[in-house]
Q: 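First the structure, which I've put down as structure tokens, then a few questions once you've had a look.
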2 protein chains.
Amino acid sequence: MHSPELLKGSLQTIILKLLANNGRMYGYEITQKVKELSDGSLIVSEGALYPTLHKLESEGLLTTEKISMGKRVRKYYTLTSNGKANVVERVKDFEAFIETMFKVLQISPQL
Amino acid sequence: MHSPELLKGSLQTIILKLLANNGRMYGYEITQKVKELSDGSLIVSEGALYPTLHKLESEGLLTTEKISMGKRVRKYYTLTSNGKANVVERVKDFEAFIETMFKVLQISPQL
DNA sequence: TTCAATACATTGGAGTCTTATGTAAGACGG
DNA sequence: CCGTCTTACATAAGACTCCAATGTATTGAA
């Protein structure tokens, strides 16, 4: 598990891009997908996830639908059209940030 | 100017690596160097810089010396041996973070 | 002589994450 | 059948980091 401070500010981007890649997802599914894709090195806590999902929803980037699974109710999140446009920007911003960091740190990307 | 939230958590790494690359530097010089290397896209505010420098000093990663330039006093920061070892770790952590982010976002590095 | 740049620093507040806690259903072993 | 783990939602208190604003003071150029 590397320095968790670096993750700061990237959670919204992660959530939005996962929804862009996978269509509709529910909260718990997102935490598991992040863990899986990062080989366990990145854990999204629920205390960080749910407030962020609610915030993105209130900003109109996500919509929700509740789906009953037996007695349980899952809350699925989907990108709105605003959300879809926003993801593209966020990913571009992330890439620009990386590029800038490489310049400032004066290191080269290792592939 | 891209999303400033992404910078969160990277400032310490930037400061330490700049000192590793350039030897002794003073605060204002660091802000200018970051601006220069990033082509103006990354601005380190003084409200962020000085508290961070003081923190790194109190953690024993930096030492200071005051140099008089006429009537003005510049405060130069230098990496301690602990600091030098720490930079290597920080840069590795940053690279690992980038790699993880590419996996999670499922995008490829653009060179 | 006034303004911009240099150079240090602190304060208040916003935003983001962590840790802890709470509720409740489903699955599975003993 | 009972405890425990996993699934699944959520909130609250606190820490931490950064930004914007402000303050002081020197230097140099118009």
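Values below: all heavy atoms of this structure, side chains included; hydrogens, waters and symmetry mates excluded. Note on naming: letters A, B, ... go to the chains in the order of the sequence lines (proteins, then strands), and numbering restarts at 1 for each one. Note that the structure is a prediction, hence the values are computed from the model and not measured.
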Q: What pairs with Glu59(A) under salt bridge (Lys or Arg N to Asp or Glu O under 4.0 Å), at least two apart in sequence or on another chain?
A: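 With neighbours one apart ignored, the set is Lys55(A).
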Q: State whether Tyr50(B) places a side-chain N or O below 4.0 Å from either non-bridging phosphate oxygen (OP1 or OP2) of dC8(C).
A: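 So the side chain of Tyr50(B) is within the cut-off, an N or O lying under 4.0 Å from OP1 or OP2 of dC8(C).
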Q: Under the side-chain hydrogen bond (donor to acceptor under 3.5 Å, both in side chains) rule, collect the residues that match up with Lys75(A), sequence neighbours excluded.
A: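 side-chain hydrogen bond (donor to acceptor under 3.5 Å, both in side chains) list for Lys75(A), sorted by chain: empty.
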Q: Can you check the Lys33(B) NZ to dA7(C) P distance for me, whole Å?
A: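 These atoms are roughly 15 Å apart.
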Q: Atom NZ of Lys35(A) and atom C1' of dT7(D): how far apart are they, to the nearest Å?
A: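 Going from NZ in Lys35(A) over to C1' in dT7(D) covers 12 Å.
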Q: Once you round it to whole Å, what is the distance between P of dT6(D) and CD1 of Ile43(A)?
A: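 That distance rounds to 13 Å.
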Q: Who are the side-chain hydrogen bond (donor to acceptor under 3.5 Å, both in side chains) partners of Glu29(A), not counting sequence neighbours?
A: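 Applying side-chain hydrogen bond (donor to acceptor under 3.5 Å, both in side chains) to Glu29(A) gives none.
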Q: Does His54(A) make a side-chain N or O approach to OP1 or OP2 of dC9(D) shorter than 4.0 Å?
A: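 His54(A) to dC9(D) OP1/OP2: no side-chain N or O under 4.0 Å.
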Q: To the nearest Å, how far apart are Tyr77(B) OH and dA7(C) P?
A: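 So the OH-P distance, Tyr77(B) to dA7(C), works out to 14 Å.
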Q: Expressed as a whole number of angstroms, how long is the span from Lys66(A):NZ to dA8(D):C1'?
A: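 From Lys66(A) NZ to dA8(D) C1': 12 Å.
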Q: Tell me which pairs pass ring-ring contact (aromatic ring centres under 6.0 Å, His included) where either residue lies in residues 32-66 of chain B, with sequence neighbours left out.
A: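 Found none.
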Q: Roughly, in whole Å, what's the span from CD in Glu65(B) to C1' in dA7(C)?
A: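 Rounded to whole Å, this separation is 17 Å.
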Q: Assuming nearest nucleotide by heavy-atom distance, tell me which of Tyr76(B) and Val44(A) is located more 5' along DNA chain C.
A: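 Mapping each residue to its closest nucleotide by heavy atoms, the 5'-most match is Tyr76(B).
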Q: Looking at DNA chain C, which of residues 20-32 of chain B put a heavy atom within less than 4.0 Å of it?
A: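 DNA chain C contact set from residues 20-32 of chain B: Tyr26(B), Gly27(B), Tyr28(B).
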Q: Using atom types as modelled, flag every donor-acceptor pair under 3.5 Å from a side chain in residues 18-28 of chain B to any protein atom, sequence neighbours excluded.
A:
unit_1: Asn21(B); atom_1: OD1; unit_2: Lys17(B); atom_2: NZ; d: 2.9
unit_1: Asn21(B); atom_1: ND2; unit_2: Leu105(A); atom_2: O; d: 3.3
unit_1: Asn21(B); atom_1: ND2; unit_2: Gln106(A); atom_2: OE1; d: 3.2
unit_1: Asn22(B); atom_1: ND2; unit_2: Leu18(B); atom_2: O; d: 2.9
unit_1: Arg24(B); atom_1: NH1; unit_2: Glu65(B); atom_2: OE2; d: 3.3
unit_1: Tyr26(B); atom_1: OH; unit_2: Arg74(B); atom_2: NH2; d: 3.3

Q: Going by the rule side-chain contact (heavy atoms from CB on, under 4.5 Å), which residues pair with Ser45(B) if we only count those two or more places apart in sequence or in a different chain?
A: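 For Ser45(B) the side-chain contact (heavy atoms from CB on, under 4.5 Å) partners, ignoring immediate neighbours, are Ala48(B).
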Q: Under 4.0 Å: is that the gap between some side-chain N or O of Lys55(B) and OP1 or OP2 of dT17(D)?
A: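 Checking dT17(D) against Lys55(B), a side-chain N or O does come within under 4.0 Å of OP1 or OP2.
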Q: For a quick check, with a 4.0 angstrom heavy-atom cut-off, what is the B/S/- contact string for nucleotides 20-30 of chain D, read 5' to 3'?
A: B-----BS---
Q: Are Met101(B) and Ile14(A) close enough, and set up right, to give a side-chain contact (heavy atoms from CB on, under 4.5 Å), and what steps lead you there?
A: CA-CA 8 Å; Met101(B) 280 296 286; Ile14(A) 289 172; 3.7 Å; yes
Q: Please tell me if Lys75(B) has a side-chain N or O lying less than 4.0 Å from either OP1 or OP2 of dA9(C).
A: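 Checking dA9(C) against Lys75(B), a side-chain N or O does come within under 4.0 Å of OP1 or OP2.
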Q: Just how far, in rounded Å, is P of dT6(C) from CG of Leu49(B)?
A: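 Rounding to the nearest Å, CG of Leu49(B) and P of dT6(C) are 15 Å apart.
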Q: Check step by step if side chain to side chain donor-acceptor pair (under 3.5 Å) holds for Glu57(B) and Thr63(B).
A: CA-CA 6 Å; Glu57(B) 187 186 359; Thr63(B) 44; over 6 Å; no
Q: Just to verify, what does Glu46(A) make a side-chain hydrogen bond (donor to acceptor under 3.5 Å, both in side chains) with, not counting sequence neighbours?
A: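 Glu46(A) satisfies side-chain hydrogen bond (donor to acceptor under 3.5 Å, both in side chains) with no other residue.
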